[in-house]
Structure formats: structure tokens, C-alpha cells
2 protein chains.
Amino acid sequence: MSTPRPGAKVRGSESGSPINALFDLLGRRWTLGILWYLGEEAPRTFRNLQERCGGVSPSILNSRLKELRDADIVGRTVDGYVLTERGKELRSFIVPLAKWSARWSQEVYGYERPGMRQRLDQE
Amino acid sequence: MSTPRPGAKVRGSESGSPINALFDLLGRRWTLGILWYLGEEAPRTFRNLQERCGGVSPSILNSRLKELRDADIVGRTVDGYVLTERGKELRSFIVPLAKWSARWSQEVYGYERPGMRQRLDQE
DNA sequence: GTAGCATGCTACTATTTTCGTAGCATTTGA
DNA sequence: TCAAATGCTACGAAAATAGTAGCATGCTAC
């Protein structure tokens with residue numbers, strides 16, 4: 001799949017406006033998860049990332065990483081994959097979703113993450 | 001495609017943790033765009049939404065809307081589709097992406113939305 | 001120096017999603 | 001009662017993703 005690019009035609013959008021290009025990018029499977037897990041301490045290596053993303057197939061992981069590198073959201077160092085400064089900023093918008101999703105689960109589906117009852121009340 | 005549900009097995013994740021369920025939901029094509037455009041004044045009707053989303057096929061749009069209604073993110077009124085309170089809250093996390101994507105386009109791809117030069121400097 | 005192991009990734013087929021188009025049933029307004 | 005708009009379903013074609021196998025490279029230990 002081609003990397004979405006603002007100004008160029010994006011999947012399903014003639015205009016290729018920045019927000020649509022971004023939605024195209026983020027709306028691909030595993031992209032959000034990669035951003036999420038890359039922001040944590042440990043992962044970074046291909047295999048580790050793959051594991052955290054629930055065993056995503058390496059071909060897809062590789063595609064996503066390539067797209068994210070093209071977009072200057074992910075970079076590489078000797079230690080493996082990392083978020084760029086821009087990528088960290090993007091991730092910061094995603095972080096609050098964790099809390100939202102916890103409430104959502106609880107209120108809509110009655111699901112509670114084991115041992116999370118108190119923590120949710122507090123924060 | 002089945003609606004992802006926290007606590008149940010989600011695409012690619014055994015745990016079905018809330019954040020993974022959410023990523024599964026948002027990582028489907030058009031979901032982010034639907035949230036985005038539903039938050040604006042005008043759309044609401046099926047056809048209007050379809051148009052704004054670049055002519056997405058009605059079968060997909062219908063699937064996405066069903067998923068989002070299952071998730072209590074989208075609701076229906078006599079006027080058509082609307083965001084629920086929960087959905088509005090979710091959308092609020094997505095709104096800042098517009099500004100981020102404008103800079104991203106400019107800095108990474110040299111793309112500028114016509115007539116946006118000044119506005120970007122200001123905000 | 002070679003045997004084992006981890007890592008990053010490519011290849012390939014199978015399955016699932018999405019696209020694109022056609023069109024039907026219902027409502028609205030003239 | 002006719003035309004137009006709306007919400008949606010059906011269905012074959014195309015594209016994306018999954019799943020598995022395995023290869024090349026770089027360690028590390030013996």
C-alpha cells in the first residue's frame with residue numbers, strides 16, 4: 001500500500017488534505033498500536049514490537065514501519081526503532097485515549113481491567 | 001467485520017484490553033473520518049456523510065456506523081446520525097490532530113494548504 | 001572456527017476487507 | 001401521482017491483511 005502523503009491523492013480523497021492523509025495513515029491496522037508501544041521503554045526491536053502488537057505478521061509490521069519512517073514519525077537508531085520528535089508529539093495526542101477507553105469499557109461493556117477499580121476513581 | 005469489544009478477543013490481541021479494542025475500532029478505514037465529519041454542523045445524513053468521506057461505499061459506511069453505534073460513540077436522532085456525549089469526548093482528542101497534520105505536511109512534504117500560511121504562524 | 005541462537009526481514013498462499021456499482025424500498029414535496 | 005432524495009442491501013472485483021516458512025546477518029560460547 002502506498003504511503004499516504006498530504007497534497008497527493010489519498011485513499012478515498014481527491015484533495016489529499018493533511019488531515020485526510022493522516023487519517024489514512026492512522027487508519028491502517030496496527031499503526032496506532034505501533035505508535036503506542038514504541039513510546040514505551042522496552043520495545044524497539046522488530047521482534048519485540050511484533051510480540052507486543054499481538055503477533056502481527058512481519059510483512060505488515062514492516063510495511064507500517066516503512067510508512068511511518070517515510071512520514072518522519074518513526075526513526076531508526078542502533079538500538080532499533082524509535083519515535084522521532086514529531087512522532088512523540090503525535091503519540092502525546094493518543095495517550096489520553098487510554099483513560100477514555102478504560103471508562104468506555106467499563107460503562108458500555110461492563111468490562112474492568114483486573115485491579116483497576118480504585119485507580120480509575122482516583123485519576 | 002465484528003465490532004471490537006473490550007474484554008473479548010480483539011483482532012490480533014488475545015487480551016482485548018480497552019486500548020487495543022479502541023485501536024481496533026479506530027484503525028478501520030473511515031472511522032476517524034466519520035468521527036471528524038460528524039462533529040461538524042452540517043452532515044448527519046447518510047448521503048451527506050458519504051459525500052464528505054470522499055464517496056466511501058455505502059456498505060462500508062453502514063458497517064462503520066453500526067460499529068460506532070454499538071460502541072455508543074454514534075447515535076441517531078430524527079435529524080440523522082450524531083455523536084453521543086462519549087463520542088464528542090473522543091472526538092475532542094482527535095481535533096488537535098488537524099493542527100499537527102498541517103505542520104507535518106508543511107515540514108515533511110512541503111505541502112501548504114492554500115491560503116494557510118499566516119494562520120499557521122499565528123495559532 | 002563453528003555451532004547455536006537472536007534479529008530483521010522477504011516470500012508466498014489463504015483469508016478478510018474494502019471498493020465500486022447497481023438498485024430497491026421508503027419518505028418528502030410539488 | 002410523479003420526481004427526487006434518502007437509507008440502505010447485494011454482489012463481484014480488487015486490495016489489504018494474516019499466517020507460516022525460511023533466509024541472511026551478526027553475535028556469543030565453546
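Everything numeric in this text was worked out from a predicted model, so none of it was measured. Below, chains carry the letters A, B, ... as their sequence lines are ordered, and counting in each starts from 1.
- Taken together through direct or relayed side-chain contacts under 4.5 Å among Ile, Leu, Val, Met, Phe, Trp and Tyr, B:Leu90 and B:Val82 form parts of separate hydrophobic clusters.
- Look at A:Arg29 and you'll find a side-chain N or O under 4.0 angstrom from OP1 or OP2 of D:dA18.
- Regarding B:Ile60, its CD1 atom lies at a distance of 16 Å from the P atom of D:dC11, rounded to whole Å.
- One atom, CE of B:Met1, and another, C1' of D:dT17, lie 11 Å apart when rounded to the nearest Å.
- Remark on DNA chain C: of its neighbouring residues A:Gly80 and B:Pro58, the 5'-side contact belongs to A:Gly80, judged by nearest-heavy-atom nucleotide.
- Here D:dT9 presents its C1' atom at 8 Å from CG of B:Asn62, a figure rounded to the nearest Å.
- For D:dC30, the paired base is C:dG1 (Watson-Crick or G-U wobble, both distances below 3.5 Å).
- Formation of a donor-acceptor pair under 3.5 Å by the A:Arg64 side chain with backbone atoms of A:Arg29 is found in this model.
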Detail all sub-3.5 Å separations between protein N/O atoms and N/O atoms belonging to nucleotides 25-29 of chain D.
none

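- Side-chain N/O atoms of B:Arg64 include one lying less than 4.0 angstrom from OP1 or OP2 on C:dT18.
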Please encode protein proximity along nucleotides 24-30 of chain C as a string of B, S and -, counting only heavy-atom distances under 4.0 Å.
-------
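- Of the two residues contacting DNA chain D, namely B:Ser59 and B:Phe46, the nearest-nucleotide position lying further toward the 5' end is that of B:Phe46.
- The CD1-P distance, from B:Ile34 to D:dG7, rounds to 14 Å in whole Å.
- A donor-acceptor contact shorter than 3.5 Å is absent between the side chain of A:Trp104 and the backbone of B:Arg86.
- A:Ser63 places a side-chain N or O within donor-acceptor distance of the main-chain N or O of A:Ser59, the cut-off being under 3.5 Å.
- Classification of A:Asp70 and A:Lys66 as a salt-bridged pair fails, no side-chain N sitting under 4.0 Å from a carboxylate O.
- Panel note: side chain A:Arg91, backbone A:Trp36; a donor-acceptor pair is recorded below 3.5 Å.
- Taking the side chain as every heavy atom from C-beta outward, B:Leu68 and B:Leu25 approach each other to under 4.5 Å.
- For the pair B:Ser63 and C:dT18, the criterion of a side-chain N or O lying under 4.0 Å from OP1 or OP2 is not met.
- Taking the side chain as every heavy atom from C-beta outward, A:Tyr81 and A:Arg44 never approach each other to under 4.5 Å.
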